[in-house]
Amino acid sequence: LTMAGSGVLAPVGSLRAAAPEYAEPEHGSMELSLNGIAPIRAVAGKSFILRTGKVALKRVSVSDPTVVDYTLLSPSEIYLLPKRYGSTNITLWTKDDKTAVIDMNIEFDTAELEAKLAELLPEERGIKVVTAAKSIVLTGTVSSPVAASQAVDIADAYVRFINRDI
């Protein structure tokens with residue numbers, strides 16, 4: 001966070017290098033092509049359906065079921081439930097014996113934290129929340145050092161709440 005007229009940063013958590021391009025579910029579902037599969041980025045607690053189109057699946061496996069749960073609904077639909085932040089991959093076996101492995105990165109619900117910051121600090125409308133690895137980063141401009149400290153405290157409490165079951 002920067003204070004108005006200042007260049008001071010107050011990061012929450014750690015930063016990492018720029019992430020690769022991701023595929024993201026829209027409106028609770030996404031279509032999958034088994035050619036050139038991009039990693040999937042999803043939000044913890046927000047389920048979606050992965051559709052494979054005309055590709056029929058016979059088996060599915062998730063490497064870390066504590067991060068993502070799944071149900072094979074039909075040969076062309078998989079219900080995915082990201083349970084907590086983290087990384088895993090999903091392996092798909094087609095009926096014609098082809099295999100695809102898709103990396104999945106599950107992130108925090110940044111919109112939820114942004115809404116809570118706006119509710120608790122209504123005068124500080126410039127705060128944005130982004131994820132970085134297993135952390136969150138606050139960016140934007142605030143009116144004072146006190147407001148920056150309050151925003152960081154709220155974000156820290158949010159991360160502790162998210163991490164309580166891990």
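Here the straight-line distance linking atom CG of L92 with atom OG1 of T99 works out to 9.0 Å at 0.5 Å rounding. Atom CG of N89 and atom CE of M104 lie 9.5 Å apart (nearest 0.5 Å). Interatomic distance, CD1 of I127 versus CG of L121, reported as 5.5 Å (0.5 Å rounding). Taking CG from L138 and CG from L117, the interatomic distance works out to 6.5 Å, rounded to the nearest 0.5 Å. Put simply, NZ on K95 and CZ on R59 are 14.0 Å apart, with the number rounded to the nearest 0.5 Å. Taking CD1 from I154 and OG from S149, the interatomic distance works out to 9.5 Å, rounded to the nearest 0.5 Å.
At least one side-chain heavy atom of F48 sits under 4.5 Å from a side-chain heavy atom of I40. No side-chain heavy atom of I78 sits under 4.5 Å from any side-chain heavy atom of L73. Using a 4.5 Å heavy-atom threshold, the side chains of V43 and I106 count as separate. Side-chain contact between Y85 and E107: absent, with no pair of heavy atoms (C-beta onward) separated by less than 4.5 Å. In this structure, D97 and K58 have side chains that are in contact, with non-hydrogen atoms separated by less than 4.5 Å. Using a 4.5 Å heavy-atom cutoff, the side chains of Y158 and E112 are in contact.
By the salt bridge (Lys or Arg N to Asp or Glu O under 4.0 Å) test, E114 is found to be paired with no residue, residues two or more places apart in sequence or in another chain being considered. Contacts of D64 classified as salt bridge (Lys or Arg N to Asp or Glu O under 4.0 Å), with partners at least two apart in sequence or in another chain: R84. With sequence neighbours excluded, the residues that form a salt bridge (Lys or Arg N to Asp or Glu O under 4.0 Å) with K116 are E119. The side-chain hydrogen bond (donor to acceptor under 3.5 Å, both in side chains) test applied to T91 returns no partner, not counting sequence neighbours. Checked against side-chain hydrogen bond (donor to acceptor under 3.5 Å, both in side chains), Y70 has no partners two or more places apart in sequence or in another chain.
When all heavy atoms are compared, the tightest approach of A38 to I102 is O-CG2, 3.9 Å. Across P82 and V68, no two heavy atoms sit closer than the pair CA-CG2, 4.2 Å. Counting all heavy atoms, side chain and backbone alike, S87 lies closest to V67 at O-CG2, 4.2 Å.
Note on residues 72-81: pairs passing salt bridge (charged side-chain N to carboxylate O under 4.0 Å, His left out), not counting sequence neighbours, are R51-E77.
Checked by atom type, the side-chain pair T88/S63 shows a donor-acceptor distance below 3.5 Å. With no hydrogens or angles considered, a side-chain donor-acceptor pair links S143 and E124 at under 3.5 Å.
Without hydrogens or angle criteria, S74 side chain to S76 main chain gives a donor-acceptor distance under 3.5 Å.
Screening V60, I90, T71 for a side chain to side chain contact (heavy atoms under 4.5 Å, CB included) with L80, the sole residue that qualifies is I90.
Cluster annotation: L72 is not connected to W93 through the hydrophobic network of ILVMFWY side chains, with a link wherever side-chain heavy atoms come within less than 4.5 Å.
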